[in-house]
Number of protein chains: 2
Amino acid sequence: MVVSSIFEVLALPVRQAIVERLREGPRTVGELAEGLGLSQPLASKHLRVLRDSGFVSVRAEAQRRWYELRPEPLREVDRWLEPYRWMWESRLDRLGDRLDAMAAEEDAAAAPATETATDEEKDR
Amino acid sequence: MVVSSIFEVLALPVRQAIVERLREGPRTVGELAEGLGLSQPLASKHLRVLRDSGFVSVRAEAQRRWYELRPEPLREVDRWLEPYRWMWESRLDRLGDRLDAMAAEEDAAAAPATETATDEEKDR
DNA sequence: CCATTGCATACTCCTTCGGTTATATAACGC
DNA sequence: GCGTTATATAACCGAAGGAGTATGCAATGG
């Protein structure tokens, strides 16, 4: 798998689950497969993707492979999120960012009612 | 597309690009397609996914459709990230979380050298 | 009215990728 | 050495979904 976006890796619930499990500490392939109800090859495959994208590191101990979570990619998600935070954080110290955003908004038009998947509108 | 994870939506660079573009304010389908070099149907399609997953809302103005970014899903990403923040933030007020995590870690084993995609090891 | 504009949707093609099964490899304990 | 354990990888399959093309449809403005 050629990872062109960090989110691609987290897109699959099963890979998300592996990451979440690894929050508790390093785990072997067998433990992860067992714990998440995956076949061993499947676990290995997903761990391969996680490894190639930097989400995990591996240590060999005898025939065991200990997989451990690495901060970098997650931190990258955090950084990606940064320019959006003002949207739900109304803290004063974010006001500067907000003003920058508004300047860029100037050219956009205005309008009435809003339509979203979260309300009833979805299936008209 | 049946969205089973918020990350699935952001997985595609083209959808990421749309979201980023919408940071500057509401845009019509045509503006987005034009600005990102997409065919109109393709833009519509991706906007459909973004809409169904709550990333954007739509307002109709004549034949125009103004798409606007919504905070909720992004906020959800932020919340998902929360339990991982201690990994790169060593602030004291995160120590509590860290201790919780360590308690859960107790059962995991330890080991030597580390192997990651970000270093030379990748292609042995 | 009618041509045009702006957008959504249906349909098709084709690649990608997740999952299974089978096999290779390597280190272990006896 | 040998069976066993732990993992990786290859081969295969099927479904999903992204992109393109064509079309439908509504509102517009002359």
Side-chain angles (χ1 to χ4, degrees), chain A residues 1-5 7-18 26-53 56-68 108-109 111-113 115-117 121-124, chain B residues 1-5 7-18 22 26-53 56-68 109 111-113 115-117 121-124:
Chain A
M1 193 200 170
V2 153
V3 178
S4 49
S5 160
F7 293 114
E8 233 174 300
V9 178
L10 298 172
L12 244 70
V14 90
R15 271 195 305 254
Q16 228 177 289
I18 293 179
R27 292 288 184 273
T28 67
V29 178
E31 287 172 344
L32 289 168
E34 157 82 15
L36 300 172
L38 309 176
S39 69
Q40 174 267 310
L42 187 54
S44 281
K45 233 179 178 176
H46 287 302
L47 285 167
R48 178 74 160 123
V49 174
L50 289 168
R51 185 156 100 81
D52 286 349
S53 54
V56 300
S57 56
V58 207
R59 273 180 310 98
E61 175 191 287
Q63 332 94 298
R64 304 265 170 97
R65 297 285 181 272
W66 289 95
Y67 282 85
E68 183 171 11
E115 201 175 329
T116 298
E121 313 265 336
K122 205 162 186 177
D123 45 350
R124 297 188 287 172
Chain B
M1 196 201 166
V2 151
V3 176
S4 49
S5 160
F7 292 115
E8 231 174 302
V9 179
L10 297 172
L12 244 71
V14 86
R15 274 197 301 255
Q16 227 177 290
I18 293 179
L22 286 177
R27 291 288 185 272
T28 67
V29 178
E31 287 172 345
L32 289 169
E34 158 80 15
L36 299 173
L38 308 176
S39 69
Q40 174 268 310
L42 189 53
S44 282
K45 233 174 176 182
H46 286 302
L47 284 167
R48 178 76 162 126
V49 174
L50 288 168
R51 185 156 101 79
D52 287 349
S53 54
V56 299
S57 56
V58 208
R59 271 182 311 100
E61 174 191 289
Q63 332 95 296
R64 305 264 170 101
R65 297 283 182 271
W66 289 95
Y67 282 84
E68 183 172 11
E115 200 175 329
T116 296
E121 314 264 334
K122 204 162 183 175
D123 46 348
R124 298 187 285 172

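Per chain, numbering begins at 1; letters A, B, ... match sequence-line order.
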Practice task
Take the protein atom CZ of B:R48 and the nucleotide atom P of D:dG17, then report the distance between them rounded to whole Å.
Solution key: 14 Å

Problem - Atom-pair distance (OH on B:Y67; P on C:dG6), nearest Å - result: 15 Å

Practice task
Rounded to the nearest angstrom, tell me the gap between atom CG in A:L10 and atom P in C:dG18.
Solution key: 13 Å

Practice task
Would you kindly give the CD1-to-C1' distance between B:I18 and D:dG18, to the nearest whole Å?
Solution key: 13 Å

Fill in the blank from the handout: Whole-Å distance, B:L47 CG to C:dA8 P, equals 7 Å

Problem - Donor/acceptor link under 3.5 angstrom from B:K45 side chain onto base of D:dG20 - result: yes

Problem - Heavy-atom check, side chain of B:S4 versus side chain of B:E8, under 4.5 Å - result: yes

Problem - B:E61 CD - D:dA26 P separation (whole Å) - result: 19 Å

Handout entry: No-H, no-angle donor-acceptor pair, B:Q63 side chain to C:dT5 base, under 3.5 Å
Key = yes

Problem - Nearest listed nucleotide, side chain of A:L12, among C:dG19, D:dA27, C:dA27 - result: C:dG19

Fill in the blank from the handout: Ranking D:dA19, D:dT7, D:dA22 by distance to the side chain of B:P41, first place goes to D:dA22

Problem - Within-4.5 Å side-chain heavy-atom neighbours: A:I18 and A:L36 - result: yes

Handout entry: A:Q16 side chain vs A:L12 backbone, donor-acceptor pair below 3.5 Å
Key = no

Completion exercise
Between CG of B:L38 and C1' of C:dG6 the distance, given in whole Å, is 16 Å

Practice task
Could you check how far CZ of B:R65 sits from P of C:dA8, rounded to whole Å?
Solution key: 6 Å

Exercise for the section: Check whether any side-chain N or O of A:R64 sits under 4.0 Å from OP1 or OP2 of D:dA6, and answer yes or no. Expected result: yes

Fill in the blank from the handout: When every non-hydrogen atom of A:V56 is compared with those of A:L47, the smallest separation belongs to CG2-O, 4.1 Å

Handout entry: Residue closer to the 5' end of DNA chain C, A:A62 versus A:S39 (nearest nucleotide)
Key = A:S39

Exercise for the section: Output yes when at least one side-chain N/O atom of A:T28 is less than 4.0 Å from OP1 or OP2 of D:dT7, else no. Expected result: yes

Exercise for the section: Report yes or no: does B:R15 contribute a side-chain atom to a donor-acceptor pair with the main-chain N or O of B:V9 at less than 3.5 Å? Expected result: yes

Fill in the blank from the handout: Assign each of B:L42 and A:Q40 the nucleotide of DNA chain D bearing its closest heavy atom; nearer the 5' end lies the nucleotide of A:Q40

Exercise for the section: Using only side-chain N and O atoms of B:H46, determine if any of them is under 4.0 Å from OP1 or OP2 of D:dA19. Expected result: yes

Handout entry: Phosphate OP1/OP2 of C:dC7: any B:S44 side-chain N/O under 4.0 Å
Key = no

Exercise for the section: Give the nucleotide from the list C:dC17, D:dA8, C:dT20 with an atom nearest to the side chain of A:V29. Expected result: D:dA8

